[in-house]
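What follows is a short report on a single structure.
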Amino acid sequence: MHRLILVLAVVAPSAAVAQTLPQTTPESAIRQTFDDAKARFHKCYVDHVPAASRVNNGDNARLNFRILDNGRVDGVYFVDTTLVQEQARTCVLDVARTLDFRVRSAEAVTINVYLGLDSKLHNVFVRLLEPVTPKVSPISVIQDHADDFTGCFDDLVSRTKTAEAKIRFKVTISAGSVQSAEASSQTGGDDAFRACMVSRLQQLKFPSTDGEIAVLNVPFSFSTK
C-alpha cells in the first residue's frame, strides 16, 4: 500500500473554525499546553523576524487546531496573521504541530487560538477564543479525499515505477470552490501526475468563506515504502 503524508499550512483563510469542548477536555489543560509552549513560539519570532521589521505592539496570529482524542494535533492552520516572514510562519506551524494537549476526549475537537508575539518573552500570550458553531475545516476536506490523491500516485508508479514524489500546491478558494490550483514545486512525478492532482483538487468542495478568498499552501508527499 502506498503512503501519503499530508501537511497543511494555510496562508490566508477567512473563516474561524471551532467547536464546544467536551467535558472531558478541560480548557485549563489546553491553556497549560500553550503556556508551556510560549518560549518556543517566542523563539520563532526573534529568530525569524528582524528587529527592524517588528511592529510596535508585536505581531499576532489566529490559529485553528484540530486535536485528536489522544491529545495530539491532527492539523493546524492560520486563520489570519500579521507575520509576513514565511520562515516565521513555518516555524510557528512546526511548533504548533508538535504540541501534546495531554487531554483525552471522546472525539476530536477543533479550537481557535489567538497568539500574541513580542520581542520580550514575558509579553507573549496565548488566548483560547470563544468556541463558535462547528464547521468543516479545509484540513479535514483534503484528508477525507486522501485516497483520490493517492490514486494519482498509484497511476504514476504503474507508468514509471517511481518510488516517491513530492508536490506543493497553492490553492485558491472562493465561495467553497477551488478557483485555481497551481503547483509551486515538484520533486518526482511527471506532467500527467501533476494534472491528475490538479483535477482532484478542483473537484473538492470547501466550507463557504462568505465571499472572501482563502489561499492554502498544501504540500503532498507520497512514498511506496
Side-chain angles (χ1 to χ4, degrees), residues 1-13 17 37 40-41 44 47-48 61 63-79 81 83 85-101 108 110 136-173 177-207 214-225:
M1 180 179 293
H2 300 154
R3 185 163 59 99
L4 163 64
I5 301 171
L6 173 62
V7 181
L8 296 187
V10 177
V11 179
V17 183
R40 296 171 64 198
F41 285 122
C44 291
D47 283 359
H48 300 298
L63 294 163
N64 178 268
F65 287 78
R66 185 173 187 269
I67 306 170
L68 295 175
D69 55 4
N70 63 4
R72 301 308 299 267
V73 174
D74 182 46
V76 60
Y77 68 85
F78 286 111
V79 176
T81 182
L83 289 171
Q85 294 80 10
E86 182 175 356
Q87 286 183 310
R89 295 196 301 266
T90 299
C91 181
V92 167
L93 289 174
D94 286 345
V95 170
R97 291 187 190 105
T98 65
L99 297 182
D100 185 346
F101 286 86
T110 305
V136 179
S137 73
I139 293 172
S140 63
V141 170
I142 295 178
Q143 289 175 330
D144 287 346
H145 292 81
D147 288 346
D148 295 338
F149 299 110
T150 305
C152 294
F153 182 65
D154 290 341
D155 291 342
L156 173 67
V157 173
S158 297
R159 293 194 314 273
T160 67
K161 309 304 180 185
T162 300
E164 61 181 6
K166 296 180 180 180
I167 188 167
R168 179 185 296 268
F169 283 97
K170 176 183 177 183
V171 182
T172 303
I173 301 169
S177 297
V178 174
Q179 301 302 303
S180 66
E182 302 175 0
S184 56
S185 65
Q186 181 175 345
T187 303
D190 54 15
D191 292 345
F193 167 68
R194 182 170 62 253
C196 179
M197 295 290 291
V198 169
S199 175
R200 297 292 191 272
L201 285 168
Q202 289 175 333
Q203 294 174 24
L204 298 180
K205 295 298 181 182
F206 292 87
V215 181
L216 281 64
N217 177 28
V218 189
F220 292 87
S221 179
F222 300 88
S223 173
T224 58
K225 300 176 182 179

So, taking the atom named CD in Glu164 and the one named CG in Leu156, what distance separates them when rounded to the nearest 0.5 Å? 11.5 Å
Return the minimal non-hydrogen interatomic distance between Thr98 and Arg72, and the atom names on each side. O-NH2, 3.7 Å
Mind listing the closest non-hydrogen atom pair of His48 and Gln85 along with its distance? O-CG, 3.5 Å
Return the minimal non-hydrogen interatomic distance between Gly189 and Ala165, and the atom names on each side. N-CB, 4.2 Å
With side chain to side chain contact (heavy atoms under 4.5 Å, CB included) as the test, would you mind laying out the steps for Phe78 and Leu63 before giving the verdict? CA-CA 5 Å; Phe78 286 111; Leu63 294 163; 3.3 Å; yes
How long is the span from the OH atom in Tyr77 to the CZ atom in Arg97, to the nearest 0.5 Å? 13.5 Å
With side chain to side chain contact (heavy atoms under 4.5 Å, CB included) as the criterion, how do Phe153 and Phe220 come out once you've worked through the C-alpha distance, each side chain's angles and the decisive distance to 0.1 Å? CA-CA 11 Å; Phe153 182 65; Phe220 292 87; over 6 Å; no
Verify the neighbour count for atom CD of Gln203: are there more than 12 heavy atoms of other residues, nucleotides or ligands below 6.0 Å? yes
Centre-to-centre under 6.0 Å for Phe193 and Phe222, is that the case here? yes
Quick one: are Lys205 and Val141 in side-chain contact, heavy atoms under 4.5 Å? no
Polar side-chain atom of Ser199 near backbone of Ala195 as donor-acceptor pair, under 3.5 Å: no
Drop me the distance from Asp100's CG to Leu68's CG, to the nearest 0.5 angstrom. 10.5 Å
Quick check for you: to the nearest 0.5 Å, what is the distance between Leu204 atom CG and Asp144 atom CG? 10.0 Å
Derivation and outcome, side chain to side chain contact (heavy atoms under 4.5 Å, CB included), residues Cys91 and Asp47: CA-CA 9 Å; Cys91 181; Asp47 283 359; over 6 Å; no
Going by heavy atoms in the side chains, are Val73 and Phe101 under 4.5 Å from each other? yes
For Leu99 and Val76, run side chain to side chain contact (heavy atoms under 4.5 Å, CB included): C-alpha distance rounded to whole Å, both residues' side-chain angles, the deciding distance at 0.1 Å, then the answer. CA-CA 11 Å; Leu99 297 182; Val76 60; over 6 Å; no
Of all heavy-atom pairs linking Leu83 and Thr81, the shortest is N-OG1, 3.1 Å
If you draw a 6.0 Å radius around CD in Glu86, do more than 12 non-hydrogen atoms from other residues or ligands fall strictly inside? no
Quick check: closest heavy atoms across Ala181 and Val198, and the distance to 0.1 Å? O-CG2, 3.8 Å
Arg200 to Asp148 - nearest heavy-atom pair and separation: NE-O, 3.4 Å
How long is the span from the CE atom in Met197 to the CD atom in Gln186, to the nearest 0.5 Å? 9.0 Å
In this structure, CZ of Phe149 is separated from CG of Leu201 (nearest 0.5 Å) by 4.0 Å
